[in-house]
Amino acid sequence: MSGDHSSSVISAEVRHVEALLEARGLLDAGEIDTRIDEFLAGGTPANGARIVARAWVDPGFAARLLADANAAIREVGLSMAGGLQEQRLKVVANTEQQHNVVVCTLCSCYPIALLGPSPSWYKSEAYRSRVVRDPRGVLAEFGLELPAGTSIAVWDASAESRYMVLPRRPEGTGSLSEEELAALVTRKGLIGTAAV
Amino acid sequence: MSRINDVGGMAGFPAIIEEPDEPPFHSDWEAHVFALNGALIKRGVYNLDEFRDAQERLPVERYLAASYYERWFAAITTLLAEKGVADAAELELPHGH
């Protein structure tokens, strides 16, 4: 499985293993397609954005979210228990004094239930190696220039613990509805490589 | 001793590249590998920690040369062989394909 393998070779290899497993009763016909469909219909950054918008308009929810995110997100119909195992979720709030950014230095741990599949850059050795050594420089490459007085906390996710950033509510958004606020929140904002 | 996956703070990797409008999977086989892993873990053929371990102990040069889902598939076939589900030769494509 070197990187030199063409896509058609690895496609054939994967089909071969699937057929073998079906023949041995370890995989049902159609099970793969069902799983793919369910996954693609599941988490998207809109879930994380919905949590953020609720926290912006409801200080009580924000406090519960920061204290016990697994419990709080159930209030908006979301859960971290839908995957292979329940994962602990910690939501970290950006302030004027501290910006937060999430990484998984060891592999690619990510709150898929809330954000959907992670972007390739999140899984790259480049991001994983550098954001812990030079977070300010990496964030600048993403176009996020933070004031020198703002400290940066880097949260390293693991198999058991996942993180999501609660961005600061942009100024001048006082008249927006919760739904309109959610539309402002991006995937990068939820990871911490963008302000919102 | 740390393994090759433990890259935090390591120098020498290339620049971070963002892919605009990146799809969840870049080809069908990646989606199949993703789903296959979930199915095997659900059946208890192996668990999530074993899956991570199988990726992390890939030979360094293979780990670094492989794409993300190529690593996943390498870990899956490694575990299927080690768990006795199939021997390594059966997991490979028959000759002539």
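Chain naming here is simple, since letters A, B, ... match the order of the sequence lines and numbering starts at 1 in each.
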Which bit of [X] comes within less than 4.5 Å of chain A, counting heavy atoms only: side chain, backbone, both or neither?
| X | value |
| --- | --- |
| B:Ile17 | backbone |
| B:Phe51 | neither |
| B:Leu58 | neither |
| B:Val85 | both |

Could you tell me which portion of [X] (side chain, backbone, both or neither) has an atom closer than 4.5 angstrom to a non-hydrogen atom of chain B?
| X | value |
| --- | --- |
| A:Val14 | both |
| A:Val154 | neither |
| A:Asp156 | neither |
| A:Leu20 | side chain |

How long is the span from the [atom1] atom in [X] to the [atom2] atom in [Y], to the nearest 0.5 Å?
| X | Y | atom1 | atom2 | answer |
| --- | --- | --- | --- | --- |
| A:Ile10 | B:Tyr69 | CD1 | OH | 12.5 Å |
| A:Leu26 | B:Leu80 | CG | CG | 8.0 Å |
| A:Glu141 | B:Ile16 | CD | CD1 | 5.5 Å |
| A:Cys107 | B:Trp72 | SG | CH2 | 9.5 Å |
| A:Ile32 | B:Leu36 | CD1 | CG | 4.5 Å |
| B:Glu30 | A:Ser7 | CD | OG | 7.5 Å |

Pick whichever of B:Asn47, B:Asp28, B:Leu91 has the most heavy-atom pairs under 4.5 Å with chain A.
->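 With the most close heavy-atom pairs to chain A, the winner is B:Leu91.
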
Taking B:Glu56, B:Glu19, B:Glu92, B:Glu61 one by one, which has the highest count of heavy-atom pairs under 4.5 Å against chain A?
->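 Heavy-atom pairs under 4.5 Å are most numerous for B:Glu92.
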
When you look at A:Tyr122 and B:Tyr68, which way does the ring pair (Phe, Tyr, Trp, His ring centres under 6.0 Å) test go after all the steps?
-> CA-CA 11 Å; A:Tyr122 184 84; B:Tyr68 184 72; 9.9 Å; no

Linked, directly or transitively: B:Phe13 and A:Leu106 (ILVMFWY side chains, under 4.5 Å) =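 The answer is no; the residues belong to distinct hydrophobic clusters.
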
Got a donor-acceptor contact below 3.5 angstrom from the [X] side chain to the [Y] backbone?
| X | Y | answer |
| --- | --- | --- |
| A:Arg133 | B:Ala11 | no |
| B:Glu22 | A:Ser120 | yes |
| B:His32 | A:Ile36 | no |
| A:Arg128 | B:Asn5 | yes |

Starting from the C-alpha separation in whole Å, work towards a yes-or-no answer on salt bridge (Lys or Arg N to Asp or Glu O under 4.0 Å) for B:Arg43 and A:Glu31.
-> CA-CA 12 Å; B:Arg43 269 185 180 65; A:Glu31 183 176 358; 2.8 Å; yes

Which one, A:Cys104, A:Ala12, A:Gly116, leads in non-hydrogen pairs under 4.5 Å with chain B?
-> A:Ala12

Less than 4.5 Å apart, any side-chain heavy atom of A:Tyr127 and any of B:Glu18?
-> no

Side-chain heavy-atom pair B:Glu90, A:Arg24 within 4.5 angstrom cut-off | yes

Residues B:Arg52, A:Glu160; criterion salt bridge (Lys or Arg N to Asp or Glu O under 4.0 Å); working and verdict = CA-CA 13 Å; B:Arg52 287 159 52 95; A:Glu160 292 81 23; over 6 Å; no

Minimum heavy-atom distance between A:Leu27 and B:Ala39, given as atom pair plus value =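 Of all heavy-atom pairs spanning A:Leu27 and B:Ala39, the closest is CD1-CB, 3.7 Å.
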
